[in-house]
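Quick caveat, the model's predicted, so the values are computed rather than measured. Nothing fancy with the numbering, it's 1 onward along the sequence.
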Amino acid sequence: MKQIIRAFLAMQKVVTAVISIALTAMIAVVFLQTFCRFVIFRSLSWSEELSRYLFVAVIVLGVNLAMSNHMMVRIEIIDNYLKGKAAVVMNLVRRFVALFVNVIFMYSAFKLIEIGGYQTSPAMSIPMSFLYSIILVGFVLNVLAALMDIYQTYVRQVSGKEEK
């Protein structure tokens with residue numbers, strides 16, 4: 001299991017690098033569009049579409065990192081009220097709900113890829129199946145993050161062991 005955890009952490013570093021590249025590209029595209037629109041007075045037809053797709057990629061991949069770093073939305077009044085086994089159960093329920101939701105989104109993204117094979121993006125003529133596959137990859141990574149989180153929560157809180 002230690003090898004799987006190491007591989008998962010290495011994958012998270014790659015995801016972080018991809019998010020950084022996508023965010024940098026999005027900033028560059030928005031800056032270029034702003035410059036062209038207000039200085040040259042000619043808009044770029046593809047820039048808004050590309051920045052939107054990069055934004056979606058950053059969000060979908062970023063959820064994976066948020067899940068891995070325990071940065072998801074929580075209700076503190078419940079977390080502060082529950083102690084002991086009730087807190088462990090609540091944490092596991094929360095993680096299983098996240099897993100369930102991400103599996104549903106992953107399935108839906110897979111179905112979008114099938115539909116996207118018949119479409120291209122309006123300005124850039126990119127096959128929509130390619131763009132939807134980025135969403136699928138993001139949700140697959142989210143499912144992996146949820147499974148790792150459930151395993152680590154189980155090992156840490158239920159069995160009392162600490163996996164490194």
Side-chain angles (χ1 to χ4, degrees), residues 1-30 49-117 119 121 126-164:
M1 190 64 191
K2 290 180 182 181
Q3 292 175 337
I4 293 173
I5 291 172
R6 271 191 240 124
F8 178 74
L9 293 175
M11 179 193 66
Q12 294 294 69
K13 289 181 181 179
V14 171
V15 169
T16 301
V18 169
I19 289 171
S20 299
I21 292 167
L23 186 59
T24 303
M26 185 173 63
I27 291 168
V29 168
V30 170
E49 187 174 290
L50 179 59
S51 62
R52 187 177 324 119
Y53 297 148
L54 289 169
F55 181 71
V56 168
V58 166
I59 296 300
V60 172
L61 294 174
V63 170
N64 169 27
L65 296 178
M67 287 180 71
S68 297
N69 294 316
H70 306 285
M71 296 170 57
M72 299 302 285
V73 174
R74 300 178 345 171
I75 302 173
E76 287 189 24
I77 194 165
I78 294 173
D79 290 340
N80 293 338
Y81 176 74
L82 297 175
K83 303 289 182 221
K85 291 224 181 241
V88 172
V89 169
M90 183 61 181
N91 282 331
L92 285 172
V93 166
R94 181 184 298 131
R95 285 162 173 85
F96 275 109
V97 167
L99 176 64
F100 178 73
V101 168
N102 277 290
V103 166
I104 290 173
F105 285 155
M106 185 178 71
Y107 175 78
S108 299
F110 183 74
K111 289 298 186 183
L112 280 175
I113 292 173
E114 292 177 17
I115 295 169
Q119 303 170 334
S121 65
I126 298 172
M128 293 303 288
S129 58
F130 171 74
L131 300 169
Y132 294 144
S133 66
I134 295 169
I135 295 171
L136 175 66
V137 167
F139 285 117
V140 166
L141 292 174
N142 293 345
V143 167
L144 291 175
L147 288 171
M148 288 299 287
D149 198 21
I150 288 168
Y151 173 77
Q152 289 175 337
T153 300
Y154 173 77
V155 167
R156 185 174 48 254
Q157 294 180 347
V158 175
S159 69
K161 298 177 185 173
E162 190 68 34
E163 183 88 18
K164 292 187 180 187

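- Here Met90 contributes atom CE and Arg95 contributes atom CZ; the two are 10.5 Å apart, rounded to the nearest 0.5 Å.
- When side chains are defined from C-beta on, Ile4 counts as touching Met148, because their heavy atoms get closer than 4.5 Å.
- Minimum interatomic distance between Ser51 and Met26 (heavy atoms only, all atoms of both residues): O-SD, 3.6 Å.
- Here the CG atom belonging to Leu61 is positioned 10.0 Å from the CD atom belonging to Gln12, to the nearest 0.5 angstrom.
- Between Val137 and Leu141, some side-chain heavy-atom pair lies under the 4.5 Å cut-off.
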Check: residues 97-110 side-chain donor-acceptor pairs under 3.5 Å, at least two apart:
{"unit_1": "Asn102", "atom_1": "OD1", "unit_2": "Asn142", "atom_2": "ND2", "d": "3.2"}
{"unit_1": "Asn102", "atom_1": "ND2", "unit_2": "Ala98", "atom_2": "O", "d": "2.8"}
{"unit_1": "Ser108", "atom_1": "OG", "unit_2": "Ile104", "atom_2": "O", "d": "3.1"}

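- Tested against Ser129 for a side chain to side chain contact (heavy atoms under 4.5 Å, CB included), the candidates Ile113, Ile115, Leu136 yield a single pass: Ile113.
- Heavy-atom neighbours of Lys13 NZ from other residues, nucleotides or ligands within 6.0 Å: at or below the threshold of 12.
- A distance of 12.0 Å separates CD1 in Ile19 from CG in Leu54, rounded to the nearest 0.5 Å.
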**Report entry** Audit row: Ile135, Leu131, side chain to side chain contact (heavy atoms under 4.5 Å, CB included) steps and yes/no
**Finding:** CA-CA 7 Å; Ile135 295 171; Leu131 300 169; over 6 Å; no
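- In this structure, Asn91 contributes its side chain and Ala87 its backbone to a donor-acceptor pair below 3.5 Å.
- Every residue two or more places apart in sequence or in another chain was checked for a ring pair (Phe, Tyr, Trp, His ring centres under 6.0 Å) with Phe8, and none qualifies.
- The nearest pair of heavy atoms linking Val60 to Phe139 is CG1-N, 4.1 Å.
- Sorted by first and then second residue, the ring pair (Phe, Tyr, Trp, His ring centres under 6.0 Å) pairs with a member in residues 51-95 form an empty list; sequence neighbours excluded.
- Around atom CD of Gln3, no more than 12 heavy atoms belonging to other residues, nucleotides or ligands sit under 6.0 Å away.
- Remark: the backbone N or O of Ile126 is paired with a side-chain donor or acceptor of Ser121 at under 3.5 angstrom.
- In this structure the side chain of Thr16 reaches within 4.5 angstrom of the side chain of Leu65, judged on heavy atoms.
- Leu92 CG to Asp149 CG: the interatomic distance, rounded to the nearest 0.5 Å, is 9.0 Å.
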